[in-house]
A.B. asks: 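Below are the structure tokens for one structure; questions will follow.
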Amino acid sequence: MSTIVPARHQRPLPLDQIIRRDPPGAEAIEMDVVIVGAGPAGLACAIELTRLAKQDAESGGGLGELNIAVLEKAGALGEHNLSGAVVNPRTFHELFPDLNSSDIPFRQPVAGEAVYFMTEGRAQRIPTPPTMHNAGFYTASICEIVRWMGERAEQAGVNLFAGFPVDALLVEGDAVRGVRTTPSGLDRDRQPTADYGEPTEVTAKVTVIAEGTRGLLSQGWREWQQVRSPNPQIFALGVKEVWQTPKPLNAVIHTLGWPLPDDAFGGSFMYPLGPGQIALGLVVGLDYHDASLDVHELLQRMKLHPLFRPYLEGGELLEWGAKTIPEGGYHALLERRSGDGILLVGDAVGLVDVPSLKGIHYAMQSGIYAARAAFAGLKQGDLSAARLSAYDRLVDESYIVADMYRTRNMRLAFKDGLYVGGFKAGLMTISGGRLFGGRMEMPEDAATPRRVTEAEPFTPDGKLTFGKLDAVFKSGNATRDTIPSHLLVGPDVSAEVAELYSHVCPAGVYERVGDELRVNAPNCIDCKATDVLGPRWTPREGGSGPKYRAM
Ligand SMILES: Cc1cc2nc3c(=O)[nH]c(=O)nc-3n(C[C@H](O)[C@H](O)[C@H](O)COP(=O)(O)OP(=O)(O)OC[C@H]3O[C@@H](n4cnc5c(N)ncnc54)[C@H](O)[C@@H]3O)c2cc1C
Ligand code: SF4
């Protein structure tokens with residue numbers, strides 16, 4: 001049987017495009033702080049900065065008004081955010097001490113929970129592992145939370161720029177001095193059209209990278225500065241749907257087992273989103289071994305299982321989307337997440353606890369810590385690497401790293417398959433992480449060989465199950481058809497590799513046509529899965545991509 005090692009077909013990072021050494025032009029916009037990405041991490045950072053500036057002004061601190069800009073690639077806030085989500089509210093209470101949970105746009109409190117082990121025809125309820133308890137938490141749509149946080153940030157004086165993707169860091173020596181956005185209005189051959197818009201340069205005393213999972217800028221900064229981590233970062237792909245349902249769901253549901261093969265790590269979730277709506281999704285580690293594994297298709301098959309089908313029959317698919325999740329955990333943490341003029345927060349540096357599938361409150365907490373370190377640096381007039389390393393200490397001494405340390409090997413144990421992994425993870429839970437406590441080594445996802453197998457045919461029915469093109473339509477994708485491709489395909493893409501890419505991408509961007517690879521770039525919904533295993537993703541014209549409303 002032949003195998004594919006995806007790394008052999010990938011292009012290196014386009015580092016010379018990400019790290020720009022030419023001095024900023026005369027028209028560059030000057031800010032005190034520029035934040036890339038309006039997700040929970042970036043917005044929490046912006047809001048905390050305004051709070052600190054206000055406190056400083058009230059106590060006669062003398063720093064004066066702060067100019068803070070948040071640049072977001074989505075056309076409007078929230079449109080590129082996707083999560084489960086069950087949210088731990090603790091960081092909301094730290095950021096908004098005057099608000100009760102009922103003032104925050106959560107959908108509903110978690111009223112009950114169940115975990116099932118699935119086979120093709122059955123679902124066996126199993127005890128809820130301690131890492132998966134969600135009592136006291138809330139279900140929510142991250143799009144709604146992001147829109148709400150954006151309004152609060154704007155009211156506090158933050159400058160929010162939606163539709164401004166950043167494609168480069170402006171640097172001087174080892175210091176980051178700001179960012180540059182993508183141009184807009186290019187035709188397929190990268191020639192300016194009548195709607196051409198030039199890139200914008202934004203300089204700042206501190207740049208905060210809050211670009212989320214598998215970020216281009218964080219990958220670039222890390223490689224440029226040679227910042228190491230014990231293990232490489234690894235990722236999962238989550239494909240998610242929001243349904244209008246005729247049958248009420250009262251509990252948060254998680255499943256293990258079918259439809260995943262035994263040698264793939266992952267599971268599904270189904271969450272109630274208030275009366276008549278549910279979110280359901282499937283998350284699969286990108287270190288799977290079968291080249292024809294297709295997460296979108298597995299989710300479609302899963303919906304026909306007796307556990308899910310009754311909630312969907314007679315209902316309606318409202319939205320579809322996908323996104324990767326950094327899964328490397330504690331052992332994939334970078335030795336530093338700060339440098340001269342730069343701080344990196346949230347998913348961009350992998351602050352996710354995989355066994356509990358939580359990242360939102362860690363992202364927000366890291367944004368708050370970044371704000372505190374940046375503010376202290378602004379007060380001292382010193383934004384050097386040494387001064388900003390205060391941020392690393394805050395994160396390292398916090399519950400973020402304590403939680404990630406406790407579950408440090410749980411995800412990694414599953415590289416040996418579901419049953420061995422489940423057994424080891426059980427012992428780790430009982431022993432509080434002490435058993436199998438030494439670092440388990442993991443290769444990067446693209447280094448894992450894939451068996452070339454024949455895909456099982458699947459025909460969607462258009463009612464409960466959907467093909468990729470219908471799914472992309474349900475993401476609201478509004479990319480201009482005549483946009484230049486933003487995907488960098490590597491060398492030596494054989495027919496088998498083209499077939500692998502067609503299964504990795506949930507949005508039908510890659511197709512095998514005969515022995516060739518066809519790339520339908522406008523379909524891309526920025527999930528970043530092929531950036532992990534295949535063609536590189538780069539930022540494109542602002543406002544391209546999905547228009548999620550309730551993800
Ligand atoms: C399927 C799935 C289920 C999950 N379930 C849960 C859950 O139940 N509970 C939980 O707590 N966590 C969950 N998570 C994890 C959680 O969603 C993330 O940890 C969290 O959203 C990270 O926040 P962030 O601000 O770091 O990144 P993001 O939320 O990804 O925000 C990053 C922002 O940066 C923008 N951006 C990216 N690149 C650029 C650029 N170059 N220029 C400008 N803007 C850019 C993006 O458009 C985005 O708006 C889940 C994740 C997934 C994918
Ligand atoms: S091409 Fe776009 S949608 Fe497809 S996997 Fe890559 S990032 Fe995701």
Side-chain angles (χ1 to χ4, degrees), residues 35-45 70-74 77-88 134 137 139-140 142-143 145-146 161-168 179 181-182 209-218 235-240 252 269 271 279 281-283 295 321-326 344-354 356-364 366-367 468 472 475 477 485-487 501-502 504-510 519-521 523-540 542 545-546 551:
I35 299 170
V36 180
L43 291 172
C45 180
V70 181
L71 305 181
E72 166 57 46
K73 67 180 164 67
L77 248 55
E79 288 183 350
H80 285 190
N81 298 91
L82 181 150
S83 192
V86 173
V87 184
N88 178 338
N134 286 299
F137 300 167
T139 65
I142 194 73
C143 304
I145 286 183
V146 160
F161 299 100
F164 283 87
V166 170
D167 67 4
V179 297
T181 66
T182 58
I209 303 298
E211 61 184 337
T213 178
R214 190 66 178 185
L216 182 83
L217 305 169
S218 30
F235 294 86
L237 173 62
V239 180
K240 174 181 166 183
V252 160
F269 61 87
Y271 300 153
L282 184 66
V283 176
V295 185
K323 201 169 220 188
T324 49
I325 309 171
L344 298 97
V345 296
D347 272 19
V349 280
L351 303 181
V352 171
D353 180 53
V354 179
S356 60
L357 190 57
K358 296 283 178 298
I360 295 170
H361 66 294
Y362 299 124
M364 289 174 65
S366 66
K468 291 184 178 178
V472 172
S475 75
N477 189 343
S485 177
H486 62 300
L487 302 161
Y501 295 168
S502 74
V504 174
C505 176
V509 170
Y510 301 100
V519 183
N520 310 306
N523 276 15
C524 177
I525 45 121
D526 293 7
C527 78
K528 315 279 185 72
T530 48
D531 192 75
V532 177
L533 292 183
R536 297 248 172 226
W537 177 94
T538 64
R540 53 189 160 160
M551 277 293 165

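First listed ligand is number 1; within each ligand, the first listed atom is number 1. Here the structure is a predicted model, which means the values were calculated and not measured.
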A.B. asks: Side chain of Lys240, backbone of Lys323: donor and acceptor closer than 3.5 Å?
C.D. replies: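 Answer holds: no.
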A.B. asks: Does an N or O anywhere in Thr213 fall below 3.5 Å from an N or O of ligand 1?
C.D. replies: no
A.B. asks: To which protein heavy atom is atom 4 (Fe) of ligand 2 closest, and what is the distance rounded to 0.1 Å?
C.D. replies: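 Going by distance alone, atom 4 (Fe) of ligand 2 is nearest to Cys505 SG, 2.3 Å.
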A.B. asks: State whether the shortest distance between N or O atoms of Pro40 and N or O atoms of ligand 1 falls below 3.5 angstrom.
C.D. replies: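 Yes, there is a polar N/O contact under 3.5 Å.
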A.B. asks: Just jot down the ligand 1 atoms closer than 4.0 angstrom to any heavy atom of Ala363, in number order.
C.D. replies: 22 (C), 23 (O), 26 (O)
A.B. asks: For ligand 1, which atoms, with element, lie under 4.0 Å from some heavy atom of Lys358?
C.D. replies: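 Here the atoms of ligand 1 in question are 9 (N), 10 (C), 11 (O), 12 (N).
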A.B. asks: Sort out for me which residue in Thr538, Thr182, Val179 forms a side-chain contact (heavy atoms from CB on, under 4.5 Å) with Asp167.
C.D. replies: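 Option passing the side-chain contact (heavy atoms from CB on, under 4.5 Å) with Asp167: Thr182.
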A.B. asks: Gly39 heavy atoms, cut-off 4.0 Å: which ligand 1 atoms fall inside?
C.D. replies: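 Per the distance check, 25 (O), 31 (O), 33 (C).
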A.B. asks: Does any N/O atom on Ala41 come nearer than 3.5 Å to any N/O atom on ligand 1?
C.D. replies: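 Min N/O separation from ligand 1 is below 3.5 Å for Ala41.
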A.B. asks: Geometry only, no angles: is Val352 polar-contacting ligand 1 at N/O separations under 3.5 Å?
C.D. replies: no
A.B. asks: Which one holds for Ile325 and ligand 1: side chain close, backbone close, both close, or neither close, with close meaning a heavy atom under 4.0 Å?
C.D. replies: side chain
A.B. asks: Atom 2 (Fe) of ligand 2 and Cys527: any N/O/S contact shorter than 2.8 Å?
C.D. replies: no
A.B. asks: Is there a heavy atom of Leu357 sitting under 4.0 angstrom from any atom of ligand 1?
C.D. replies: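 Judged by the 4.0 Å heavy-atom criterion, Leu357 does count as contacting ligand 1.
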A.B. asks: Please could you name the atoms of ligand 1 that Leu71 approaches to less than 4.0 Å, counting only its heavy atoms?
C.D. replies: 43 (C), 44 (N)
A.B. asks: Is Val36 near ligand 1, meaning one of its heavy atoms is under 4.0 Å from it?
C.D. replies: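 Val36: in contact with ligand 1 (<4.0 Å).
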A.B. asks: So, do Thr530 and Val509 sit near enough that their side-chain heavy atoms are less than 4.5 Å apart?
C.D. replies: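 Thr530 does not reach Val509 side chain to side chain.
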A.B. asks: Any sub-3.5 Å donor-acceptor pair from Asn523's side-chain atoms to Ala507's backbone N or O?
C.D. replies: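 Yes, Asn523 side chain to Ala507 backbone: donor-acceptor pair under 3.5 Å.
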A.B. asks: Hey, does the side chain of Ser502 reach the backbone of Tyr510 with a donor-acceptor pair shorter than 3.5 angstrom?
C.D. replies: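 Looks like no, no N/O pair under 3.5 Å.
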A.B. asks: Could you name the option among Trp537, Tyr501, Tyr510 that has the heavy atom nearest to atom 1 (S) of ligand 2?
C.D. replies: Tyr510
A.B. asks: Can any side-chain N or O of Thr213 pair as donor or acceptor with the backbone N or O of Asp347 at less than 3.5 Å?
C.D. replies: no
A.B. asks: Against heavy atoms of Lys528, which atoms of ligand 2 measure under 4.0 Å?
C.D. replies: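 Every atom of ligand 2 under 4.0 Å from some heavy atom of Lys528: 7 (S), 8 (Fe).
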A.B. asks: Kindly identify the option in Pro546, Ser83, Gly281, Ala38 whose heavy atom sits closest to atom 14 (N) of ligand 1.
C.D. replies: Ser83
A.B. asks: What's the verdict on side-chain contact (heavy atoms from CB on, under 4.5 Å) for Lys358 and Phe137, showing C-alpha distance, side-chain angles and the deciding distance?
C.D. replies: CA-CA 11 Å; Lys358 296 283 178 298; Phe137 300 167; 3.8 Å; yes
A.B. asks: Is Lys73 reaching over with its side chain to a backbone N or O of Glu211, donor-acceptor style, under 3.5 angstrom?
C.D. replies: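 Not at all, since once roles are kept as given, no pair shorter than 3.5 Å links the two residues.
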A.B. asks: Under 4.0 Å from any heavy atom of Ala85, which atoms of ligand 1 are there?
C.D. replies: 7 (C), 8 (O)
A.B. asks: Is a side-chain N or O of Asp531 found less than 3.5 angstrom from the main chain of Trp537, in a donor-acceptor match?
C.D. replies: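 Yes; at least one donor-acceptor contact below 3.5 Å.
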A.B. asks: In terms of atom number and element, which parts of ligand 1 are under 4.0 angstrom from non-hydrogen atoms of Val86?
C.D. replies: 7 (C), 8 (O), 9 (N), 10 (C), 11 (O)
A.B. asks: Provide the number and element of each atom of ligand 1 under 4.0 Å from a heavy atom of Pro165.
C.D. replies: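 What qualifies from ligand 1 is 42 (N), 43 (C).
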A.B. asks: Return yes or no for this condition: an N or O of Lys73 is under 3.5 Å from an N or O of ligand 1.
C.D. replies: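 By distance alone, the answer is yes.
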A.B. asks: Heavy atoms only: which of Glu72, Met364, Lys323 is nearest to atom 33 (C) of ligand 1?
C.D. replies: Glu72
A.B. asks: If we set the cut-off at 4.0 Å for heavy atoms, which region of Asn81 has an atom near ligand 1: side chain, backbone, both, or neither?
C.D. replies: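 The side chain, only.
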A.B. asks: Short list, please: which atoms of ligand 1 are under 4.0 Å from a heavy atom of Gly346?
C.D. replies: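 So the atoms of ligand 1 that pass are 26 (O).
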A.B. asks: Among all protein heavy atoms, pick out the one at the shortest distance from atom 2 (Fe) of ligand 2; state its residue, atom name and that distance to 0.1 Å.
C.D. replies: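 Ranked first by proximity to atom 2 (Fe) of ligand 2 is Cys524 SG, 2.3 Å.
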A.B. asks: Compare Thr530, Val532, Asn477 and give the one whose heavy atom is closest to atom 6 (Fe) of ligand 2.
C.D. replies: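 Heavy atom nearest to atom 6 (Fe) of ligand 2 belongs to Thr530.
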A.B. asks: Is the closest heavy atom of Ile525 to ligand 2 under 4.0 Å?
C.D. replies: yes
A.B. asks: Nearest non-hydrogen atom to atom 32 (C) of ligand 1 belongs to which of Gly359, Gly321, Ala322, Ala210?
C.D. replies: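 When every heavy atom of Gly359, Gly321, Ala322, Ala210 is considered, Ala210 comes closest to atom 32 (C) of ligand 1.
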A.B. asks: Do Ile142 and ligand 1 have an N or O pair less than 3.5 Å apart?
C.D. replies: no
A.B. asks: Val509 heavy atoms, cut-off 4.0 Å: which ligand 2 atoms fall inside?
C.D. replies: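 Under 4.0 Å from Val509, ligand 2 has these atoms: 1 (S), 4 (Fe).
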